[in-house]
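Below is one structure; the comments refer to it alone.
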Amino acid sequence: MLKILFFGQLKDMLKTSALELDWQQDNQTLDTVSKLRQYLQTKEQGWQEYLQVGKVLVAVNQELVQDEQVISDSDEIAFFPPVTGG
Amino acid sequence: MLKILFFGQLKDMLKTSALELDWQQDNQTLDTVSKLRQYLQTKEQGWQEYLQVGKVLVAVNQELVQDEQVISDSDEIAFFPPVTGG
Amino acid sequence: MSLSYYKQTVIRVQTDDFNLAAEYKKLRDNNPKDGAIVTFVGLVRDFNQSGEVSGLFLEHYPAMTEKSLAEIVDQARSRWSIGRVTVIHRVGQLNVSEQIVFVGVSSQHRQEAFHANEFIMDFLKTQAPFWKKENSKKGDTWVQAKVTDQYKAKNW
Amino acid sequence: MSLSYYKQTVIRVQTDDFNLAAEYKKLRDNNPKDGAIVTFVGLVRDFNQSGEVSGLFLEHYPAMTEKSLAEIVDQARSRWSIGRVTVIHRVGQLNVSEQIVFVGVSSQHRQEAFHANEFIMDFLKTQAPFWKKENSKKGDTWVQAKVTDQYKAKNW
């Protein structure tokens with residue numbers, strides 16, 4: 001299972017903070033951030049826009065990564081808006 | 001009278017921290033820092049070297065100035081080495 | 001005094017307030033090699049993106065936060081010769097004028113502590129997983145990231 | 001709160017030690033417009049130009065010192081939008097690890113406080129009339145000005 005997390009405004013927009021997902025989905029393996037993102041974008045109304053490349057940052061196992069990042073089953077993948085701490 | 005002050009290592013080298021001097025000296029008026037400096041340089045053994053342009057900073061009435069600065073009778077002129085506070 | 005103590009890094013993420021004097025003391029005590037200590041404190045301003053602000057809520061990504069801050073400090077250490085570093089970031093509900101973040105850096109000479117401290121703040125602002133929601137008369141609004149912060153981090 | 005209080009400058013030259021927490025409090029209290037406070041403290045290191053140092057004596061030019069520091073702060077204010085500024089410099093005999101100088105700057109946003117603080121230190125180092133004499137086993141030696149300090153001040 002992939003563990004997916006959402007934070008900040010994105011969490012509010014998607015109306016969920018966490019979900020679990022099989023690494024294998026029907027006819028494909030969600031083995032990159034890009035594939036996972038595209039899969040999620042089709043999941044619910046509005047997610048297409050909210051999860052656009054460039055609008056959100058992605059961390060895999062708590063490390064910021066790019067869209068091409070490879071992911072494995074049991075990874076923790078977090079999507080969030082640009083950070084605003086400090 | 002000009003009030004002349006020396007600080008830091010320069011004070012030790014010149015073996016004096018303050019002296020007073022007539023603005024008018026024999027055949028000239030010490031009306032620039034440059035003239036005062038040259039006059040002082042002839043005053044004692046070693047002062048020629050210690051008071052060289054570029055080796056010391058000069059303040060007239062507590063403001064850093066250049067060698068061409070005009071000075072008036074009753075001004076306070078301080079000579080000192082590059083500063084080392086902080 | 002061991003090298004590891006001299007080059008000590010402290011990272012804390014907490015709801016509690018912090019005390020500048022206590023943090024300064026930890027950077028200074030038994031540290032006669034360092035001649036410079038620079039501290040930064042970020043505070044909740046009464047005016048920001050949503051106009052007049054009465055407070056803010058700080059959310060974070062707990063599993064990632066300390067790791068991310070530690071990496072930023074490591075990056076600073078790879079660029080400058082610095083001594084001790086402390087980074088404290090608060091989370092949860094904060095009122096106007098409350099302290100949000102502390103960064104303290106000691107170094108032998110002043111320039112390293114100044115630059116490393118500013119670098120840590122610039123990277124914290126763009127890489128550490130914190131999100132602010134401002135409370136105002138209009139309700140609660142998520143703070144939007146500033147493009148100028150991206151530029152600052154990229155300019156190092 | 002009047003503008004003059006908001007833009008307050010405090011300059012002190014003293015033999016007594018100073019207290020970081022007290023100075024920070026003066027920069028922070030009743031100042032909800034400023035979101036950033038940067039402090040710098042310079043300390044007596046145990047090793048410098050004369051090798052192992054046991055202490056130092058700070059001489060200054062009393063009539064000029066505060067005036068010179070105030071001018072440096074004015075220059076910083078003309079370059080950056082900053083709030084409160086405090087500069088404290090000690091004179092007289094100091095031991096290893098004692099505090100020498102404090103610079104504190106508040107501002108709305110962090111970059112201004114960082115840069116103004118570093119600028120004030122760089123100009124203090126090259127323009128304010130202080131001279132250090134180091135005490136070591138070899139006797140007392142006047143500290144020589146560093147060319148690198150001249151460069152730092154010129155690079156602003």
Side-chain angles (χ1 to χ4, degrees), chain C residues 19-25 27-48 52-54 56 83 95-122 124-125 146 148-149 151-152 155, chain D residues 19-25 27-48 52-54 56 83 95-122 124-125 146 148-149 151-152 155:
Chain C
N19 180 285
L20 180 75
E23 298 311 324
Y24 172 66
K25 187 168 153 57
L27 294 167
R28 179 184 171 195
D29 280 0
N30 300 314
N31 191 4
K33 302 274 168 256
D34 282 346
I37 296 178
V38 174
T39 74
F40 173 84
V41 176
L43 302 147
V44 182
R45 298 170 59 218
D46 66 0
F47 192 90
N48 201 16
E52 235 172 275
V53 171
S54 59
L56 55 83
N95 296 319
V96 168
S97 294
E98 275 201 79
Q99 302 184 128
I100 306 171
V101 57
F102 170 84
V103 179
V105 178
S106 76
S107 62
Q108 289 189 25
H109 304 289
R110 73 189 181 284
Q111 193 172 42
E112 286 75 11
F114 271 118
H115 292 189
N117 198 316
E118 190 178 1
F119 172 94
I120 290 168
M121 275 308 303
D122 284 355
L124 184 156
K125 280 266 179 187
K146 290 192 285 181
T148 49
D149 282 329
Y151 287 141
K152 279 176 201 154
N155 276 338
Chain D
N19 180 285
L20 180 75
E23 298 310 324
Y24 172 66
K25 188 169 152 56
L27 294 166
R28 179 185 171 195
D29 280 0
N30 301 313
N31 192 5
K33 303 273 168 260
D34 282 346
I37 296 178
V38 174
T39 73
F40 172 84
V41 177
L43 302 146
V44 182
R45 298 169 61 217
D46 66 1
F47 192 91
N48 202 17
E52 234 172 275
V53 170
S54 59
L56 55 82
N95 296 320
V96 168
S97 293
E98 276 201 79
Q99 302 183 128
I100 306 170
V101 56
F102 170 84
V103 178
V105 179
S106 76
S107 61
Q108 290 190 24
H109 304 289
R110 71 187 182 286
Q111 192 172 43
E112 287 73 11
F114 272 118
H115 292 191
N117 198 316
E118 190 178 1
F119 173 94
I120 290 168
M121 275 307 303
D122 284 354
L124 184 156
K125 280 265 179 188
K146 290 192 286 182
T148 50
D149 281 331
Y151 287 140
K152 280 177 201 154
N155 276 339

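It should be emphasised that the depicted structure is a prediction, and the values quoted were computed from it without experimental measurement. In what follows, chains are A, B, ... by sequence order, proteins preceding strands, each numbered from 1.
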Would you mind telling me which of C:Arg28, C:Gln111, C:Met121 has the largest number of heavy-atom pairs within less than 4.5 Å of chain D? C:Arg28

Closest-packed option against chain D by number of heavy-atom pairs under 4.5 Å, given C:Val41, C:Asn48, C:Ile100: C:Val41

List for me each residue that meets ring-ring contact (aromatic ring centres under 6.0 Å, His included) alongside D:Phe119, sequence neighbours excluded, and say none if there are none. D:Trp80, D:Phe123, D:Trp156

For atom CD of D:Glu52, decide whether the heavy atoms of other residues, nucleotides or ligands shown that lie under 6.0 angstrom number more than 12. no

For [X], is it the side chain, the backbone, both or neither that has a heavy atom under 4.5 Å from a heavy atom of chain D?
X: C:Val38; result: both
X: C:Asn117; result: both
X: C:Asp122; result: both

Going by side-chain hydrogen bond (donor to acceptor under 3.5 Å, both in side chains), name the residues that satisfy it together with C:Thr39, two or more places apart in sequence or in a different chain. D:Thr39

D:Lys25: which residues meet the side-chain hydrogen bond (donor to acceptor under 3.5 Å, both in side chains) condition with it, sequence neighbours left out? D:Asp29

Gap between atom [atom2] of [Y] and atom [atom1] of [X] - 0.5 Å precision:
X: C:Gln99; Y: D:Ile37; atom1: CD; atom2: CD1; answer: 8.0 Å
X: C:Phe114; Y: D:Lys152; atom1: CZ; atom2: NZ; answer: 10.5 Å
X: D:Asn30; Y: C:Ser97; atom1: CG; atom2: OG; answer: 8.0 Å

Close side-chain approach of D:Arg110 and C:Asp149, heavy atoms under 4.5 Å: yes

Got D:His109 and C:Arg45 here, is their nearest side-chain heavy-atom distance under 4.5 Å? yes

Residues from residues 101-108 of chain C approaching chain D under 4.5 Å (heavy atoms): C:Gln108

What closest approach, in Å, do C:Leu43 and D:Asp34 show between heavy atoms, and which atom pair accounts for it? CD1-O, 3.9 Å

